[in-house]
Enquirer: 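Dumping the structure here so I can ask a few things about it.
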Amino acid sequence: MIVDFDFEDGLLFVAVENISPLPVCDVTVRFSPGFRRAGDRPVDELALFSRLRFLAPGKRIRAFVDEASAFFARGEPTEIAAHIEYETTPARHRHRHVVNHDLEIYRDLGYIRRSLP
């Protein structure tokens, strides 16, 4: 299991992905420090990070965070640790690990905004 950030056309996303060949269940993610997404709602309030009951092998789910420029302008933290807990099936072993991110790498990237069809 990993939690990753995507930067696409000036937009910032956060994703949960099961990189294991086994299904996982009871996934929880806590971010340290916490951060807010568009609309001023804390990201860890999303059910994706607190109530993900099952994730198939290879499955990736991503959520919109905000326009990168707005995220940085608000002074959101850029060094974020994702604390991930989950169980693998069928063995039901509980796993815990931390993935560290530095979103500062996206601050000065250029991008071309694509128009919507």
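In what follows, every heavy atom counts, from backbone to side chain, and hydrogens, waters and symmetry copies are set aside. The shown structure was predicted, so the numbers you read here are calculated from the model rather than taken from an experiment.
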Enquirer: Using modelled atom types and a 3.5 Å cut-off, is there a donor and acceptor pairing between side-chain atoms of D9 and backbone atoms of L11?
Expert: no
Enquirer: If the test is side chain to side chain contact (heavy atoms under 4.5 Å, CB included), which one of M1, H95, R96 qualifies with I84?
Expert: M1
Enquirer: Indicate the atoms forming the closest heavy-atom contact of S20 with P57, along with that distance.
Expert: O-CB, 3.4 Å
Enquirer: Which heavy atom in A81 sits nearest to a heavy atom in V98, and how many Å separate them?
Expert: CB-CG1, 3.8 Å
Enquirer: Could you go step by step and tell me if E76 and L12 meet the side chain to side chain contact (heavy atoms under 4.5 Å, CB included) rule?
Expert: CA-CA 12 Å; E76 295 291 346; L12 194 58; over 6 Å; no
Enquirer: Heavy atoms only: give me the nearest L46-A63 pair and the separation to one decimal.
Expert: CD1-CB, 4.0 Å
Enquirer: I need the H97 NE2 to E85 CD distance, nearest 0.5 Å.
Expert: 10.5 Å
Enquirer: Could you go through the side chain to side chain contact (heavy atoms under 4.5 Å, CB included) check for F72 and T78 one step at a time?
Expert: CA-CA 8 Å; F72 294 123; T78 56; 3.7 Å; yes
Enquirer: Starting from I2, can I reach L48 by hopping between I/L/V/M/F/W/Y residues whose side chains sit under 4.5 Å apart?
Expert: no
Enquirer: Under 4.5 Å between side-chain heavy atoms, counting indirect links through other Ile/Leu/Val/Met/Phe/Trp/Tyr residues: same cluster for F5 and I61 or not?
Expert: yes
Enquirer: What do you reckon, is CZ of R51 surrounded by more than 12 foreign heavy atoms closer than 6.0 Å?
Expert: no
Enquirer: Quick one: closest heavy-atom pair of D6 and A15, and the distance?
Expert: OD2-CB, 4.4 Å
Enquirer: Calculate, to the nearest 0.5 Å, the distance between atoms CD and CG belonging to E79 and D102 respectively.
Expert: 5.0 Å
Enquirer: Check the hydrophobic clustering (I, L, V, M, F, W, Y; side-chain heavy atoms under 4.5 Å; chains of links allowed) and say if L55 and V99 are grouped together.
Expert: yes
Enquirer: Angle between ring planes, F64 versus F13, binned at 30° and 60°: parallel, tilted or perpendicular?
Expert: perpendicular
Enquirer: Let's go through F7 and R107 carefully: what are the C-alpha distance in whole Å and the side-chain angles of both, what is the deciding distance for side chain to side chain contact (heavy atoms under 4.5 Å, CB included) to 0.1 Å, and is it a yes or a no?
Expert: CA-CA 10 Å; F7 177 83; R107 188 183 295 269; over 6 Å; no
Enquirer: Would you mind writing out the side-chain donor-acceptor pairs for residues 22-36 within the sub-3.5 Å range, not counting sequence neighbours?
Expert:
unit_1: R36; atom_1: NH1; unit_2: D40; atom_2: O; d: 2.7

Enquirer: Run the side chain to side chain contact (heavy atoms under 4.5 Å, CB included) test on H101 and D4 for me, step by step, so that the C-alpha distance in whole Å, both residues' side-chain angles and the decisive distance to 0.1 Å come before the verdict.
Expert: CA-CA 8 Å; H101 294 279; D4 200 7; 3.4 Å; yes
